[in-house]
Amino acid sequence: MKQTAAAEILSLSRRQTGRIIGRIREEGPQGIVHRSRGRESNRKFPQELKDRVIEVYRQNYEGFGPTQAQEKLCERDGISISDETLRKWLIEAELWKTQHKGRQHRQWRPRKERYGKMIQMDGSHHDWFEGRGPACVFMGYIDDATGKVYGRFYTHEGTIPAMDSFRRYIRRKGITLSLYMDKHSAYKSMGKATIGNELNGIEPISEFGRALKDLGMQLIHAHSPQAKGRVERLFETLQDRLVKEMRLRGISSIAEANEFLREYLPIYNRRFAKRAAQTENLHRPIPKGLNLHRILCIKTERTVRNDFTIAHDRKLYQIEEAVKTKKLMVEEYTDGSMTIWCRQQMVKFRQIATRPEKPHKSQKQSALPARKTAIAPPKDHPSSRLCFGCKKRKNVAA
């Protein structure tokens, strides 16, 4: 076979085919082996750099994923390598294992088209300070169209943290069209509807849901964690990346963490947020005259007693004005304060420090008259022989 025909079969040039044939004639079959086989690459990192990276990872970034560790090495230590190179080095040093995720069936839902059309909200319970500080909850918000994130740490997940965090979100971004959340008792009322509400088709609503309706928003409840997958995946990311960022800074309190979020979240959004399909922003500005403080609060109706007192949260309050209604509205705000209203008019009140003591059981028993003990009739009493519907009736008749 001529070299031209062989080059076509081998998909090589004629000159390269001639070189290979020449090496085979000189060296035999070994001549076909590529000359670079067994030699180190000219772009290979020196062993000293590899050892240094492994040592720095052990000391400062143990538990970090390769991607985040590569960012920290470049940002804090001035070492520029790719995340895949670092991944291979960590696997060789048995500091990282490949993670194979099982494939689950999911029905794809497209993102909303515009920024602010729907926000997903949830609370994440996690050891955010890794034992350095108290347990806390991250109240997180993520826009469905862009993936922009907002959040804040609180001691627990409840109505007051939800109202406080959402009020802060509104002041930064504006009022959204809808809020997507789960069926936590703070977001969806667990009470049963009254007969009147059932006839009118009215469902029980939580205080947070009532506040959202007052703001003209749509409240959407998810039936499963997978339905609000965007915010759930956000928590998985933050429980990995945010926890380690706070570890590097030694953050151990909720106040320090919230202060750090003001720096961290803008950087996170610039890197991971996406462009919406359409550029319109559907966040509504806060209308003039709208008092968010009075909308995002817990409202409870209380009955006025004859001595112009009301009982609320196991405490007794004295109304210092003569009100002409039997019902007053108690409003508890996110800052811990409280006011009492009567038909849109604030009422003066004071807490009664000492409540009248109730009498003890011994005093109650002594005040009541002694009960008379029942006297059982003797066995030969005539009433004992009256047994209707039994066999003794014949004897009585006889």
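Remember, it's a predicted structure, so these values are computed and weren't measured experimentally.
- Close placement of the F45 and W89 rings is indicated, their centers lying within 6.0 Å of each other.
- Using modelled atom types and a 3.5 Å distance limit, the side chains of Y333 and D164 yield no donor-acceptor pair.
- In terms of the salt bridge (charged side-chain N to carboxylate O under 4.0 Å, His left out) criterion, residue partners of K72 (sequence neighbours excluded) are, by chain and number, E75, E245.
- Formation of a donor-acceptor pair under 3.5 Å by the Y57 side chain with backbone atoms of F64 is found in this model.
- Between the side chains of K327 and T303, at least one donor-acceptor pair of N or O atoms lies under 3.5 Å.
- Between W96 and K88 there is no side-chain heavy-atom pair separated by less than 4.5 Å.
- When atom types are taken as modelled, the side chain of T85 and the backbone of I81 share no donor-acceptor pair closer than 3.5 angstrom.
- Between the side chains of R76 and Y61, at least one donor-acceptor pair of N or O atoms lies under 3.5 Å.
- The 12-atom threshold is not exceeded at NZ of K44, counting heavy atoms of other residues, nucleotides or ligands nearer than 6.0 Å.
- Relative orientation of the F153 and W128 rings is perpendicular, given thresholds of 30° and 60° on the angle between their planes.
- No side-chain N or O of N291 forms a donor-acceptor pair with one of H293 less than 3.5 Å apart.
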Would you sort out whether E71 and R241 count as a salt bridge (charged side-chain N to carboxylate O under 4.0 Å, His left out), showing the intermediate values? CA-CA 11 Å; E71 296 173 4; R241 300 179 69 94; 2.5 Å; yes
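- Between K299 and E332 there is no salt bridge, since none of the side-chain N atoms of the basic residue sits less than 4.0 Å from a carboxylate O of the acidic one.
- Summarising the local packing, CD of Q30 is surrounded by 12 or fewer heavy atoms from other residues, nucleotides or ligands at distances under 6.0 Å.
- L328 contributes atom CG, which lies 12.0 Å from atom OG1 of T300 (distance to the nearest 0.5 angstrom).
- L219 is linked by a side-chain contact (heavy atoms from CB on, under 4.5 Å) to M181, L212, H221, counting only residues two or more places apart in sequence or in another chain.
- Under the 3.5 Å distance criterion, the side-chain polar atoms of T146 are left unmatched by any main-chain donor or acceptor of D143.
- The closest donor-acceptor contact from the side chain of Q278 to the backbone of Y115 lies at 3.5 Å or more, if one exists at all.
- Below 30°, between 30° and 60°, or above 60°: for Y169 and Y141 the angle between ring planes is below 30°, a parallel geometry.
- Salt bridge absent: E321 and K348 never bring a charged side-chain N and a carboxylate O closer than 4.0 Å.
- Look at K117 and E113 and you find a salt bridge, because one of the NZ, NE, NH1 or NH2 atoms lies within 4.0 Å of a carboxylate O, short of that distance.
- Heavy-atom contacts from other residues, nucleotides or ligands closer than 6.0 Å to CD of E62 number 12 or fewer.
- In summary, the side chains of Q70 and S82 do not present any donor paired with an acceptor at a separation below 3.5 Å, with no hydrogens or angles considered.
- Distance check: R233 CZ to Q120 CD gives 8.0 Å after rounding to the nearest 0.5 Å.
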